Amino acid sequence: MNITKENVDALNAVVKVDIVAEDYQDKVTKVLNDYRKTANIPGFRKGQVPMGMVKKQYGKSVMIDEVNKLLQESLNKFLVEEKLDILGNPLPRVQDDFNWDADKFSFEFELGLAPEFDVNLQPKNKVTQYNIVATDELIEKEVENIQSRYGKMSAKEEATEETNVTGTFVNEEKEINKKSTISVKDIKGKTNLKKFVGAKVGDVLELKTKSLFEDEHKLQGALGVSHDEVHGLDIAVTFTIEEITEIEPAELDQELFDKLFADGSVKTVTDLKNKIKEDAEKQFQQQADQQLLNAITENLVENTKFDLPAEFLQKWLQTAGEKELTAEEAVEEYKKSEKGLRYQLIEGKIMKDNDIKLDYAELVDYAKGFIRAQMAQFGNMNPEEKELEDIAGRILQNQDEARRLQEQLISQKLLAFYKENMSFDTKEVSFEDFIKEVYK
């Protein structure tokens, strides 16, 4: 057997595999002997079937099978030994004159080669790293929410701007019949607000849905309509008031603090606000980190220039999935996946050049941390180590789950690396301004 490689250009190559009878004949003979021992053919005792008959019946199919096995094993070994960094999988070339009755066979495979390139971790256009802070306004609002959640509810005779009103929205044409509780202070516009203020249980209010609430998503929830339907919805509805309540805010005292933080860490209103700030900014940091990683990814793809074997990859995509694609469909699929492939190559090079690795023990620890956090949400704050290991083991046996956790952990490692090795334009913003800037 002989294997040779010819470079077409820097990104494409052809591997030729020549196989002769001596390469596969011994294996074919062994398989046919095994067939002969077990073959049940009328007129012959088991194990006594003439080899000529066995060859005639099974010889060609066994030979083809053994040649294909040898071909795949030899090609894979060659790619490993030659340390060829390929994209996709080798594509067999169609040979019109191929003949399985020949004494020797030649197979050719097209290869798409990964490009060589350098990654600049200090691009001219720097990425913005956001530091999201919890504003005094946000903290005060959360304090009010806490007081409301733990406050005392009492029934009221008539509605004010400070009350909540429970009733049923009805519109027969749109088949709306939805019982909802709304806060009067969320009602938009003086005309609508006047209808609520002073209203009593049993009153039926005639309302227009257009501009009823500042936020259309609140209208969606109140009416029970779909997200698509609520935008621009302008219909008349009736609202029959069934209950009017007001919440007396809870006192900011030690009893409330201990309900919120059983460890006794909060003693004063200042302590409470500091805790709210700390917890909020931890959550903000997760969002800021995800945004930073996304921005770095976009930046690296934009600033790292290299060519890809596009024609080869499009051809490979035609047969790579469960459903075979047309040439036109493969071109479109390539366009969709090209940016992801480019970052995958950049990521791989960064990890290789900087010895960023992920071993199984790290993955297990990461899975245990994920499980511990999940269990804490359900009140199990101190799970046994063996329980964590058992659950982690079961999760990692699921290939999809293992891949998802592995990708998350690699992203964490890469983000830590980027923070240490890249320079950023830093910007301190409130959460509201962060949303406006990032998702504008």
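What you are looking at is a predicted structure, and each value in this text was computed from that prediction instead of being measured.
Results of the side-chain hydrogen bond (donor to acceptor under 3.5 Å, both in side chains) test with Lys339 over Glu298, Glu302, Gln344 single out Glu298 as the only residue that passes.
Using a cut-off of 4.0 Å between Lys/Arg side-chain N and Asp/Glu carboxylate O, Arg403 and Glu407 are scored as not salt-bridged. Salt bridge status for Asp271 with Lys267: absent, with no side-chain N to carboxylate O gap under 4.0 Å. Using a cut-off of 4.0 Å between Lys/Arg side-chain N and Asp/Glu carboxylate O, Arg404 and Glu401 are scored as salt-bridged. The pair Lys315-Glu311 fails the salt-bridge criterion, with no side-chain N (NZ, NE, NH1 or NH2) lying under 4.0 Å from an Asp/Glu carboxylate O.
Shown here for Ile346 and Leu300, the closest heavy-atom pair between the two residues is CD1-O, 3.7 Å. The minimum heavy-atom distance between Glu362 and Leu358, with the atom names listed, is OE1-CA, 3.5 Å. Nearest heavy-atom pair, Arg372 versus Leu388, reported as atom, atom and distance to 0.1 Å: NH2-CD1, 3.1 Å. The shortest heavy-atom contact between Val331 and Gln314 is CG2-OE1, 3.6 Å. Shown here for Pro115 and Leu87, the closest heavy-atom pair between the two residues is CD-CD1, 4.4 Å. The two atoms that bring Gln220 and Ser226 nearest to each other are NE2-C, 3.8 Å, heavy atoms only.
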Exercise for the section: For Lys16 and Glu6, run salt bridge (charged side-chain N to carboxylate O under 4.0 Å, His left out): C-alpha distance rounded to whole Å, both residues' side-chain angles, the deciding distance at 0.1 Å, then the answer. Expected result: CA-CA 8 Å; Lys16 185 177 180 182; Glu6 179 184 348; over 6 Å; no
Exercise for the section: Apply side chain to side chain donor-acceptor pair (under 3.5 Å) to the pair Gln318 and Thr326, showing each step before the final yes or no. Expected result: CA-CA 6 Å; Gln318 286 187 255; Thr326 65; over 6 Å; no
Handout entry: Pair Asp18-Ser106, side chain to side chain donor-acceptor pair (under 3.5 Å): steps then yes or no
Key = CA-CA 4 Å; Asp18 294 322; Ser106 289; 2.5 Å; yes
Exercise for the section: Could you check Phe109 against Leu91 for side chain to side chain contact (heavy atoms under 4.5 Å, CB included), going step by step and ending with a plain yes or no? Expected result: CA-CA 5 Å; Phe109 294 87; Leu91 287 177; over 6 Å; no
Exercise for the section: Evaluate the side chain to side chain donor-acceptor pair (under 3.5 Å) criterion for residues Asn68 and Gln72: first the C-alpha distance (whole Å), next the side-chain angles of each, then the deciding distance (0.1 Å), finally the verdict. Expected result: CA-CA 6 Å; Asn68 281 324; Gln72 196 61 55; over 6 Å; no
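The 12-atom threshold is exceeded at NZ of Lys419, counting heavy atoms of other residues, nucleotides or ligands nearer than 6.0 Å.
Between the OH atom of Tyr343 and the OG1 atom of Thr297 there is a distance of 4.0 Å, given to the nearest 0.5 Å. Atoms CG and CG, on Leu409 and Asp359 in that order, are 9.0 Å from each other to the nearest 0.5 Å. Here the straight-line distance linking atom CG of Leu256 with atom CZ of Phe261 works out to 9.5 Å at 0.5 Å rounding.
Side-chain contact check for Ile132 versus Ser430: every heavy-atom pair is 4.5 Å or farther apart. Glu110 has its side chain out of reach of Trp316: every pair of non-hydrogen atoms, C-beta onward, lies at least 4.5 Å apart.
Ring-plane geometry between Tyr130 and Phe434 is classed as perpendicular, the angle between the planes exceeding 60 degrees on a 0 to 90 degree scale with a lower cut at 30.
Between Phe107 and Phe98, the distance from one ring center to the other falls under 6.0 angstrom.
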